[in-house]
Protein chains: 2
Amino acid sequence: MTAVPDPQPTTPLEPADQRRAVAESLGADDFKALFRGHPGGVAVITADAGDGPVALTATSVASVSADPPLLIFSVSATSSATPTIMAADTVVVHFLDVHDLDLARLGATSGVDRFADTDAWSKLTTGEAVYHGVRAWVRCRIINRMDAGGSTVIAAHALQASINRDVAAGDPGDALVYHNRTWHRLDEASRIDGPVR
Amino acid sequence: MTAVPDPQPTTPLEPADQRRAVAESLGADDFKALFRGHPGGVAVITADAGDGPVALTATSVASVSADPPLLIFSVSATSSATPTIMAADTVVVHFLDVHDLDLARLGATSGVDRFADTDAWSKLTTGEAVYHGVRAWVRCRIINRMDAGGSTVIAAHALQASINRDVAAGDPGDALVYHNRTWHRLDEASRIDGPVR
């Protein structure tokens with residue numbers, strides 16, 4: 001299976017097909033508008049393939065299966081951290097809440113040394129960088145990769161985790177959400193208890 | 001590339017390696033606790049492979065690339081809609097806000113006819129089912145699939161979209177978030193403007 005977005009025709013397209021091929025792909029601006037209104041949880045992913053640690057902030061982390069414990073995320077071809085994540089066997093996914101907002105911003109800022117504050121992180125015995133004090137982190141082994149338009153979708157198997165701030169059933173905790181280029185906090189006031197029309 | 005979570009050894013494991021192989025996978029309960037505190041945007045995905053439409057609510061929809069316009073989502077092996085989505089060439093991803101909460105609940109409820117209210121949806125000329133009145137929807141062609149522990153990660157190319165309720169830059173709109181088995185609404189009050197400690 002390949003990741004070619006549009007099958008390449010083996011014979012030249014007729015004019016009507018050419019128009020259809022052009023029309024049959026949404027423009028980048030319209031696509032961004034769809035996702036601008038789509039909120040996401042916030043994670044920072046670290047990896048070290050032997051040349052030092054990298055980190056990036058991602059809103060694409062999702063659970064795929066609990067047994068086996070598998071998650072996915074995607075990495076953009078344009079991120080400086082991507083080559084290292086692609087070369088690594090393991091990653092650490094940090095699940096952030098509002099107390100971790102500085103780290104979320106750090107992982108989303110280009111051109112800064114994300115490991116300059118040596119008090120903020122340490123290395124696991126297995127070599128990966130872990131930031132201190134985050135809500136939770138999980139060390140994962142990369143088990144599969146899928147190309148998608150230059151970016152890569154990564155599936156990873158959860159190996160070991162640390163939960164520093166657990167959330168009781170139904171409780172908002174101090175959840176952090178990224179939405180429309182803005183950070184939001186979930187709390188009792190944001191909760192929808194009744195029907196919404 | 002395969003989706004085997006743990007490589008199978010070609011020679012029998014020594015006792016110490018056996019213990020390590022067992023320990024090196026996070027338990028399902030710990031894994032669920034990680035994601036219980038991880039909020040997500042809400043989408044309903046429909047597909048029709050020729051045997052009638054199916055629909056399911058997903059919080060795994062993420063943007064992978066804007067040019068080409070690609071998104072991903074995962075479907076669980078346990079969902080009744082999954083076989084149809086796996087057999088389909090195209091899907092419609094509906095991006096929901098709080099006004100679409102009834103649809104979010106419908107797509108998440110087992111054992112109900114999600115198309116019983118024939119006023120609530122119609123068929124596109126291309127055959128897919130689209131629910132009326134949602135914040136936005138996008139018709140996509142499936143371009144790649146990746147196995148992950150029985151579930152499947154799907155990459156799709158956005159073909160055409162309709163945005164009924166656009167969100168101005170930085171504005172919360174009426175965003176809907178699913179978190180810790182509860183629905184939440186983003187608004188001006190949930191917004192974090194200053195540093196959070």
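- Atom CZ of B:Arg191 is separated from atom CZ of A:Arg185 by 14.5 Å, given to the nearest 0.5 angstrom.
- The distance from atom CZ of B:Phe31 to atom NE2 of A:His157, rounded to the nearest 0.5 Å, is 9.0 Å.
- Interface check for chain A: of the options B:Asp97, B:Val138, B:Leu176, B:Val61, the most heavy-atom pairs under 4.5 Å are formed by B:Val61.
- Each of B:Val153, B:Leu186, B:Ile163 has some count of heavy-atom pairs under 4.5 Å with chain A, and the biggest count is that of B:Leu186.
- Of the listed residues B:Pro39, B:Ala77, B:Ala156, the one with more heavy-atom pairs under 4.5 angstrom with chain A than any other is B:Pro39.
- B:Val134 and B:Val167 fall into different hydrophobic clusters, defined by Ile, Leu, Val, Met, Phe, Trp and Tyr side-chain heavy atoms under 4.5 Å apart, directly or through other members.
- Although no hydrogens or angles enter the test, the distance criterion places a donor-acceptor pair under 3.5 Å between the side chain of A:His179 and the main chain of B:Pro172.
- For A:Ala168, the part sitting under 4.5 Å from any heavy atom of chain B is the backbone (N, CA, C, O) and nothing else.
- Of all the listed residues (A:Gly173, A:Ala33, A:Ala136), the one sharing the greatest number of non-hydrogen pairs under 4.5 Å with chain B is A:Ala33.
- Heavy atoms closer than 4.5 Å to chain B are found in the backbone of A:Asp187, but not in its side chain.
- Contacts between B:Val42 and chain A at a heavy-atom distance below 4.5 Å involve the backbone alone (N, CA, C, O).
- Heavy-atom pairs under 4.5 Å with chain A peak, among B:Ala43, B:Gly37, B:Ser74, at B:Gly37.
- Of the atoms belonging to A:Ala161, heavy atoms from both backbone and side chain fall under 4.5 Å from chain B.
- With a 4.5 Å cut-off on non-hydrogen atoms, A:Ser63 touches chain B through its backbone and its side chain both.
- With chain A as the partner, the residue from B:Ala62, B:Pro69, B:Ala158, B:Cys140 showing the most heavy-atom pairs under 4.5 Å is B:Pro69.
- The candidate from B:Ala66, B:Ser151, B:Ala155, B:Gly40 with the greatest count of non-hydrogen atom pairs under 4.5 Å with chain A is B:Ala66.
- Heavy atoms of B:Asp30 lying under 4.5 Å from chain A belong exclusively to its backbone.
- Side-chain N or O atoms of B:Arg135 include one that pairs as donor or acceptor with a backbone N or O of A:Leu34 at under 3.5 Å.
- Heavy atoms of A:Arg181 lying under 4.5 Å from chain B are absent altogether.
- The backbone N or O of A:Ser190 lies less than 3.5 Å from no partner atom in the side chain of B:Ser190, so there is not a single donor-acceptor pair.
- Residue contact with chain B, scored on non-hydrogen atoms closer than 4.5 Å, involves the side chain of A:Ile72 exclusively.
- Side chain of A:Asn180 to backbone of B:Asp171: a donor-acceptor contact under 3.5 angstrom is found.
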Steps toward side-chain contact (heavy atoms from CB on, under 4.5 Å) verdict (B:His184, A:Val177): CA-CA 11 Å; B:His184 288 263; A:Val177 175; over 6 Å; no
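- Within 6.0 Å of CG on A:Asp51 lie no more than 12 heavy atoms contributed by other residues, nucleotides or ligands.
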side-chain contact (heavy atoms from CB on, under 4.5 Å) assessment of B:Leu71 paired with A:Phe35: CA-CA 10 Å; B:Leu71 58 82; A:Phe35 276 96; 3.8 Å; yes
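- With chain B as the partner, the residue from A:Ala175, A:Ala28, A:Gly170 showing the most heavy-atom pairs under 4.5 Å is A:Gly170.
- Heavy-atom pairs under 4.5 Å with chain B were tallied for A:Ser76, A:Gly27, A:Ser65, A:Ser60; the largest tally goes to A:Ser65.
- Ranked by non-hydrogen atom pairs under 4.5 Å with chain B, the options A:Asp174, A:Asp67, A:Thr59, A:Val64 are led by A:Val64.
- One finds the CD atom of B:Glu24 at 4.5 Å from the CZ atom of A:Arg139 (value rounded to the nearest 0.5 Å).
- Across all non-hydrogen atoms, the minimal contact from A:Leu101 to B:Ile192 is CD2-CG2, 3.8 Å.
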